[in-house]
Amino acid sequence: MPECQHQWEMTNVRFGYVVFEKCFHCNSLETYFTTEANPILGDKYRDGDCFWSVVENAQSFQFDLRCTKCGHVEKFEDLMGFLHCTGCLDDCQVDIMRRQLEAKKTWILVAFGFLKKKGKHTVPSYKLDILTDYFNQRRDTKRSKIKILSFDLITDLSNCRGDFIHDVGMLSTEPIAERKPIF
Amino acid sequence: MNTQDLIEKLGLKPLSKFEPREINGVFISDMISDVMAGAKSGNLWLTVQTHKSIVPAANLVDAAAVVITSGKEVPIETVELASKYNIAILSTSLPTYELVGMLYALKPISR
Ligand SMILES: [Zn+2]
Ligand SMILES: [Zn+2]
């Protein structure tokens with residue numbers, strides 16, 4: 001049987017929050033998604049040697065993609081959100097690819113997995129390709145295309161000043177150069 | 001109906017550089033997550049949100065244009081980013097409710 005040329009649609013949309021927690025003991029940052037009521041900023045708890053405190057939360061959503069032809073469902077619980085590259089660091093791999101692709105009218109967004117104390121969780125590349133396909137299938141690609149890249153490609157995450165496309169900090173109009181890095 | 005017809009019929013003020021596009025529906029929200037989950041390609045997006053994050057969001061869902069209602073001032077960085085991506089940012093002094101009334105009377109924009 002020939003393989004299905006999947007045609008994706010968004011399904012199982014859950015609205016909730018991406019919560020950013022920081023440990024003031026070891027400086028680790030963790031993020032997770034919750035559909036529970038608004039997490040309280042400053043909420044603290046202890047876990048082993050760590051003292052976690054909620055430092056930020058952003059209204060967000062999670063979704064899965066379902067193929068309308070074969071019914072296959074791909075889950076995206078590991079996707080934290082998308083970052084718009086502001087071209088903040090010249091030698092960043094994302095910015096290099098951004099400039100190459102934008103010349104071909106392909107706009108990039110960087111997909112983030114969740115951050116954990118023991119390192120970042122990346123979204124597997126086959127899933128990024130599925131996201132790319134989904135966003136292109138639902139747009140007029142004669143005008144422009146979308147390419148979803150992995151946040152692994154950000155050369156220096158601790159100095160990245162990209163913009164999360166999240167419902168938080170929307171009132172900030174600070175110029176990129178004067179802004180604190182995101183992590 | 002395309003962006004240019006709409007601008008003329010409703011007296012909207014174009015702020016960014018863009019190519020006219022066909023409009024096939026209207027989506028109203030001030031939340032980016034809502035737009036990313038629900039707006040469709042070719043939709044007109046009505047909002048009072050002017051932060052430049054509306055541009056990558058509109059781009060991702062392939063919105064036909066963004067209309068900033070209630071006469072909210074749009075930062076220059078939002079306009080510049082929109083011009084780069086060919087996304088129409090239009091503004092009106094009308095509150096969303098009144099603009100929706102006029103849009104509704106202007107069918108064939110459905111939904
Ligand atoms: Zn399929
Ligand atoms: Zn710790």
Side-chain angles (χ1 to χ4, degrees), chain A residues 9-18 33 58-65 76 79 81-87 98 102 105-111 131-132 134-148 162-177, chain B residues 2-3 16-25 27-45 47-66 68 72-89:
Chain A
E9 66 172 8
M10 204 177 265
T11 183
N12 193 19
V13 175
R14 290 95 64 193
F15 285 93
Y17 298 86
V18 172
F33 179 81
Q59 281 191 285
S60 187
F61 73 111
Q62 287 203 315
F63 59 90
D64 299 326
L65 293 179
F76 285 89
L79 176 68
F82 298 106
L83 180 105
H84 169 71
C85 171
T86 51
R98 179 181 69 85
E102 283 190 357
K105 289 231 169 221
T106 295
W107 316 125
I108 64 136
L109 278 177
V110 183
L131 285 171
T132 297
Y134 165 71
F135 287 117
N136 285 322
Q137 283 168 2
R138 60 179 304 294
R139 81 190 280 120
D140 175 5
T141 49
K142 288 194 294 292
R143 300 168 51 88
S144 62
K145 290 187 182 136
I146 294 286
K147 171 85 177 161
I148 306 294
D163 274 328
F164 266 111
I165 321 182
H166 267 163
D167 289 298
V168 72
M170 298 284 287
L171 298 174
S172 163
T173 52
E174 260 182 295
I176 287 153
Chain B
N2 74 21
T3 350
S16 59
K17 280 187 288 184
F18 63 93
E19 294 156 21
R21 275 189 72 171
E22 216 41 48
I23 294 164
N24 60 16
F27 193 86
I28 307 170
S29 181
D30 297 323
M31 278 191 56
I32 285 191
S33 42
D34 203 21
V35 169
M36 281 166 61
K40 304 233 166 21
S41 174
N43 276 183
L44 189 69
W45 173 16
T47 183
V48 292
Q49 187 62 262
T50 61
H51 190 275
K52 72 175 174 8
S53 282
I54 62 172
V55 175
N59 196 21
L60 187 65
V61 298
D62 200 26
V66 185
I68 311 292
K72 286 257 298 194
E73 188 122 348
V74 184
I76 185 73
E77 53 171 6
T78 302
V79 174
E80 283 174 358
L81 194 61
S83 297
K84 179 176 154 186
Y85 292 116
N86 251 321
I87 289 178
I89 302 274

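Just the heavy atoms: all of them, side chains too, but no hydrogens, waters or symmetry mates, feed the values below. Letters A, B, ... are given to chains in the order of the sequence lines, protein chains preceding strands, and every chain is numbered from 1. Predicted model, so just to flag it, every value in this text is computed and none were measured.
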Student: Which residues pass the salt bridge (charged side-chain N to carboxylate O under 4.0 Å, His left out) test with A:D64, not counting sequence neighbours?
Tutor: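 With neighbours one apart ignored, the set is A:R14, A:K75.
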
Student: Hey, mind stepping through B:M36 and A:F135 against side chain to side chain contact (heavy atoms under 4.5 Å, CB included) and telling me if it holds?
Tutor: CA-CA 10 Å; B:M36 281 166 61; A:F135 287 117; 5.8 Å; no

Student: Might you point out which heavy atoms bring A:F15 and B:A37 nearest each other, and give the distance in Å?
Tutor: CZ-CB, 3.9 Å

Student: I'd like to check the salt bridge (charged side-chain N to carboxylate O under 4.0 Å, His left out) partners of A:K105; sequence neighbours left out, ordered by chain and number.
Tutor: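 Per chain and number, A:K105 pairs via salt bridge (charged side-chain N to carboxylate O under 4.0 Å, His left out) with no residue.
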
Student: Among residues 137-147 of chain A, which residues come closer than 4.5 Å to chain B, judged by heavy atom distances?
Tutor: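 Contacts with chain B: A:R138, A:R139, A:D140, A:R143, A:I146.
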
Student: Using non-hydrogen atoms and a 4.5 Å limit, figure out which bit of A:I165 sits close to chain B: side chain, backbone, both or neither.
Tutor: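 Both backbone and side chain of A:I165 come within 4.5 Å of chain B.
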
Student: Below 4.5 Å, heavy-atom pairs only: which of B:V55, B:T78, B:N86, B:L81 has the largest tally toward chain A?
Tutor: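 Going by pairs under 4.5 Å, I would pick B:L81.
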
Student: Could you give the distance from CZ (A:F63) to OG (B:S33), rounded to the nearest 0.5 Å?
Tutor: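 Output value for this atom pair is 12.0 Å.
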
Student: Nearest 0.5 Å, what's the CG-CD1 distance between B:N59 and A:I108?
Tutor: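 The CD1 atom of A:I108 is 11.5 Å from CG of B:N59, to the nearest 0.5 Å.
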
Student: Just so I know, are the side chains of A:H84 and B:K52 near enough to count as touching, which here means a heavy-atom distance under 4.5 Å?
Tutor: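 Contact flag for A:H84/B:K52 side chains = no.
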
Student: If the condition is salt bridge (charged side-chain N to carboxylate O under 4.0 Å, His left out), which residues does B:E22 pass it with, not counting sequence neighbours?
Tutor: none

